[in-house]
Amino acid sequence: MIITIYCKDNCPNCDVAKQLVTAQGHSLRILKLGDDITREAFFARFHNAKTVPQIEINGRHIGGLTALQAYMYDHIATQGMYGPPCHTS
């Protein structure tokens, strides 16, 4: 799973999102607004975004920090902390 976080400096929610992703051991790509992506490109990509971070999982936009937290909660609930359980016969 590759998680891309579009963020900016001095953003507490961006920091929480980064910590959550790294704590779960997922691949993380960070794009900073103004450095790695222009404001124009950011708003062209995320038409209705009003805040950062904006987050994509495997190239699919899921929303902001709250959406990431919900996704991670659901992922852990269905897949377990380290992936689906192994079944042995």
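- V52 is not connected to V16 by any chain of hydrophobic side-chain contacts under 4.5 Å among Ile, Leu, Val, Met, Phe, Trp and Tyr, and they are in different clusters.
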Yes or no on side-chain contact (heavy atoms from CB on, under 4.5 Å) for M72 and H26, after CA distance, side-chain angles and deciding distance?
CA-CA 11 Å; M72 289 296 184; H26 299 294; 3.5 Å; yes
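- Atoms CG and CD1, on L68 and I3 in that order, are 6.0 Å from each other to the nearest 0.5 Å.
- When all heavy atoms of T22 and Q19 are compared, the closest pair comes out as OG1-O, 3.1 Å.
- We find the OH-CG distance between Y73 and L20 to be 14.0 Å, quoted to the nearest 0.5 Å.
- Rounded to the nearest 0.5 Å, atoms SG (C7) and CD1 (I30) are 5.5 Å apart.
- A single hydrophobic cluster is seen to contain both M1 and L28, as judged by linkage of ILVMFWY side chains at heavy-atom distances under 4.5 Å, directly or through other members.
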Would you list the atom pairs, donor with acceptor, under 3.5 Å between side chains in residues 54-67 and any protein atom, with sequence neighbours excluded?
{"residue": "Q54", "atom": "OE1", "partner": "H61", "partner atom": "NE2", "Å": "2.6"}
{"residue": "Q54", "atom": "NE2", "partner": "T51", "partner atom": "O", "Å": "2.9"}
{"residue": "E56", "atom": "OE1", "partner": "Y6", "partner atom": "OH", "Å": "3.3"}
{"residue": "E56", "atom": "OE1", "partner": "R45", "partner atom": "NH2", "Å": "3.3"}
{"residue": "E56", "atom": "OE2", "partner": "R45", "partner atom": "NE", "Å": "2.8"}
{"residue": "E56", "atom": "OE2", "partner": "R45", "partner atom": "NH2", "Å": "2.8"}
{"residue": "N58", "atom": "OD1", "partner": "I2", "partner atom": "N", "Å": "2.9"}

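- Note on residues 8-29: pairs passing salt bridge (Lys or Arg N to Asp or Glu O under 4.0 Å), not counting sequence neighbours, are D9-K32, D15-K18.
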Can I5 and L31 be said to form a side-chain contact (heavy atoms from CB on, under 4.5 Å), step by step?
CA-CA 6 Å; I5 299 177; L31 297 176; over 6 Å; no
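- Residue V21 comes nearest to S27 through the heavy atom pair CG1-O, 4.3 Å, listed as atom of the first residue, atom of the second, then distance.
- Sparse packing is recorded around CG of N10, with 12 or fewer heavy atoms of other residues, nucleotides or ligands lying under 6.0 Å away.
- Residue A49 comes nearest to F43 through the heavy atom pair O-CE2, 3.5 Å, listed as atom of the first residue, atom of the second, then distance.
- In this structure A41 satisfies the side chain to side chain contact (heavy atoms under 4.5 Å, CB included) test together with I37, T38, sequence neighbours excluded.
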